[in-house]
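Keep in mind that the numbers below use all heavy atoms, side chains included, and drop hydrogens, waters and symmetry copies. This structure is a prediction, so every number in the text was calculated from the model and none was measured. Every chain is numbered from 1, with letters handed out A, B, ... down the list of sequences.
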Amino acid sequence: MKRKQPKRHHWLGKTVLSLLLLAAGGYWLWWQIGSRPIHARTYRNINVVTVFIPGYGSNSLTFGPMVSRFQKDHATNQVTTIKISATGKRTVTGAKRYDGKNPLISVVFEDAKAPVKETRQLTALLHWLRTKHQVKRVNLVGHSMGSNLSFRYLTTQHTDFQPQVVKYISFASEFYRDPTSQLSHFPKSVQTLVIGGQIFGAKGDWAVSLAGVKRYEQELKAAGVPTSLYIYRGTPIGAYHSSLHQNPYIDAKILQFLFA
Amino acid sequence: MPPLDYHHQDTWPNGFGQQQSPIDLRETTAADTSTLTVLAPWLADQEIDDQVTIRLAGHGLTQIDQTQWHFIQAHLHVPAEHQTVNQRAAEWHFVHQSAIGALCVVAVLLPLGDGMPVMDSVLDHFVARSSQPVALQLNSLLPPKGTVFRYLGSLTTPPLTEGVTWYVIDQTSITISPQQRQRFQQLFPDNHRKLQARNNRPVLRGSFLQGSK
C-alpha cells in the first residue's frame, strides 16, 4: 500500500496542473476576446482631464493597471499618478502634464479608509488642478467608495474655484444612505454611466448588489441626470467587485463612453 | 500604545473636523420610521480588552431601511456618550460596515434597570489585557421599538473617522443594572467622549422598529 501512494499523488498533481493550465488559457483567451474592441478603436481627443478615484482600502493597483492599458491602446498620451498622503501632501509622478491627448490622473489615497477626508482631499486636488494647471474640465471615474466620494463632490456647493465636471462614471457602487437631499444638487449637465457586475448565480458582484447598482442609476435618472447603465455578467474572474477594474469589457465600455 | 486618556480628550489625534460624534440630540427634525432587521444574528466570537472598553468582535448581517450592513463589533460606553432629553447610564455601540467600506453605528442608550443576562456573560468572560474566545449572541441587546436619531458623524475614538451614519436608539426595554455598571466601571472608570460641536448638522428623529426576517 505504501508503495502505491506516491504514484497516486503523481497523477493528482498532473491533473491539478492541467486544470490550472486550462484555467490560465481560458483566462488569456477571455482577455484577448474582450480586448479586441479596445485595440480596434481610435479614440479622439476631447480635451478633458479624466480623474480616477479608487475605493475603500484601495491602493495604486486599483486604477494603475487600467490607466496603463488605456495608454497602450493610445486612448491617452499623458498618464499621471497623484498620491495624497494622510495629511494631504501630494506626490506627483508620471507625465505630470494635464494637456495633450486625453490626460488621465490616477489618484491614490494613503488613508483610503476615511471617505469624508478623502472627499476633502479630492476637492483640494481638483481646486489645485484648476488654479495651478488651468484644468477647466474633468471627467470623474469612481470605483466602489470612490464613486460615492465623486457623488459627494458633485453634490456639494463649492465656494472655491473648481473645474467643470463633464462626465461621471460610477462603477461597482450603491448608495448607503438616502441620497434624496443631495440629488437635487447633482448638476444635470453631467453625463453619467453606471456600471455594475453580476456573478453568475449571485445577487451582485459579491460586495455590491445588482439592485443597489440599478437603484443608483434610477435615482440619478429620476433626478433628471442623463444616465445610462451597463451590467457585466460573468464569472468571478471578470464580475467580482475588485475584478471589474481589471476587466477588458468594462475597459471598452469606459473608453467608449469617455472618448469614442 | 498607551490607553486613551479620557481626562485630556483635547490631546487625542484628530485630523478631521466638522462632523464629529457624539452630539447633543435634543434639537431634531421629525422623520419617518426606521426599521432594522437582523438578517443574520450578531454573533461575537472574540472578547477583547482594548484598554478603554470591552470590545466584542464578530459577524452578522443587518438591514436598515434599504441598506444592508455587516456587523463587525460591539462595545460599551459608561456613561452614555450621546445626549437626549433622558440622561442614560450607558450606551452600546454596534459597529457595522457596508460592502463598499461605509461605516454605520447602531447605538442603544441604556437606562438603569434590571440589566440583561448577556451583560453578565460579557463581564464574566472578561480577562484583562487579553482576547478571549466567546460565543455570544448580541442582537438580544437590540430593543423591539424606541425612538431613533439619525445623523452623520464620526467614530468616537481615534482615528475619529468621519462619514459614519449614526442610528442612536433611545428606549426603555434594554437596561443595565447598577451592579453591572459598577462591575464595568471597576474595569473602565469613564470612557465617554465629551459632546462635539453640531455644526448645523441635521438630526432626524423617528420611531424605531425591529423588523423580522
Side-chain angles (χ1 to χ4, degrees), chain A residues 54-58 62 85-89 109-121 142-149 151-152 170-182 196-197 202-216 218-219 240-242 244, chain B residues 13-21 29 31-36 39-40 61-72 95-106 148-155 157-168 196 199-204 206:
Chain A
Y56 184 85
S58 56
T62 305
S85 77
T87 56
K89 189 172 175 280
F109 295 107
E110 184 186 56
D111 189 357
K113 295 185 175 179
V116 174
K117 183 163 83 169
E118 289 166 70
T119 309
R120 277 203 285 271
Q121 292 180 338
H143 174 258
S144 194
M145 180 60 90
S147 167
N148 296 63
L149 305 188
F151 178 81
R152 199 171 299 140
S170 161
F171 76 105
S173 192
E174 61 186 341
F175 293 121
Y176 56 86
R177 64 174 74 98
D178 184 1
T180 311
S181 60
Q182 288 171 287
K203 286 182 179 171
D205 65 11
W206 283 354
V208 171
S209 71
L210 188 61
V213 171
K214 284 182 173 173
R215 196 164 77 230
Y216 206 105
Q218 285 156 7
E219 297 268 17
Y240 171 57
H241 188 67
S242 297
L244 290 167
Chain B
N14 179 9
F16 309 99
Q18 302 301 310
Q19 295 188 346
Q20 290 288 300
S21 294
T29 306
D32 294 341
T33 300
S34 270
T35 304
L36 185 156
L39 299 174
L61 186 64
T62 309
Q63 173 128 2
I64 306 176
D65 300 328
Q66 286 190 300
T67 309
Q68 284 193 5
W69 301 88
H70 296 275
F71 165 74
I72 49 177
V95 183
H96 290 70
Q97 191 162 37
S98 81
I100 58 169
L103 289 169
C104 132
V105 181
V106 177
V148 65
F149 300 86
R150 285 179 281 160
Y151 79 98
L152 203 54
S154 73
L155 298 177
T157 55
L160 303 169
T161 308
E162 292 185 338
V164 177
T165 306
W166 279 89
Y167 294 86
V168 183
Q196 302 296 302
N199 295 322
N200 300 318
R201 277 175 284 173
V203 176
L204 303 178

Toward chain B, the part of [X] with a non-hydrogen atom under 4.5 Å:
X: A/A172; result: backbone
X: A/N148; result: side chain
X: A/H143; result: neither

>> Run the side-chain contact (heavy atoms from CB on, under 4.5 Å) test on A/Y216 and A/S147 for me, step by step, so that the C-alpha distance in whole Å, both residues' side-chain angles and the decisive distance to 0.1 Å come before the verdict.
In response: CA-CA 11 Å; A/Y216 206 105; A/S147 167; 3.2 Å; yes
> Side chain, backbone, both or neither: which part of B/I64 has an atom under 4.5 Å from a heavy atom of chain A?
Replying inline: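 Contact with chain A is absent: no heavy atom of B/I64 under 4.5 Å.
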> Hey, mind stepping through B/R150 and B/T165 against side-chain contact (heavy atoms from CB on, under 4.5 Å) and telling me if it holds?
Replying inline: CA-CA 7 Å; B/R150 285 179 281 160; B/T165 306; over 6 Å; no
> Can you name the side-chain contact (heavy atoms from CB on, under 4.5 Å) partners of A/Q218, sequence neighbours left out?
Replying inline: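 Here the qualifying residues are A/K214.
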>> Among residues at least two apart in sequence or on other chains, which ones pass side-chain contact (heavy atoms from CB on, under 4.5 Å) with B/Q66?
In response: A/R215
>> For a quick check under 3.5 Å, do B/Y151 and B/S21 share a side-chain donor-acceptor pair by atom type?
In response: yes
> So which of B/V164, B/D65, B/L103, B/L152 has the largest heavy-atom pair count under 4.5 angstrom toward chain A?
Replying inline: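 That would be B/L152.
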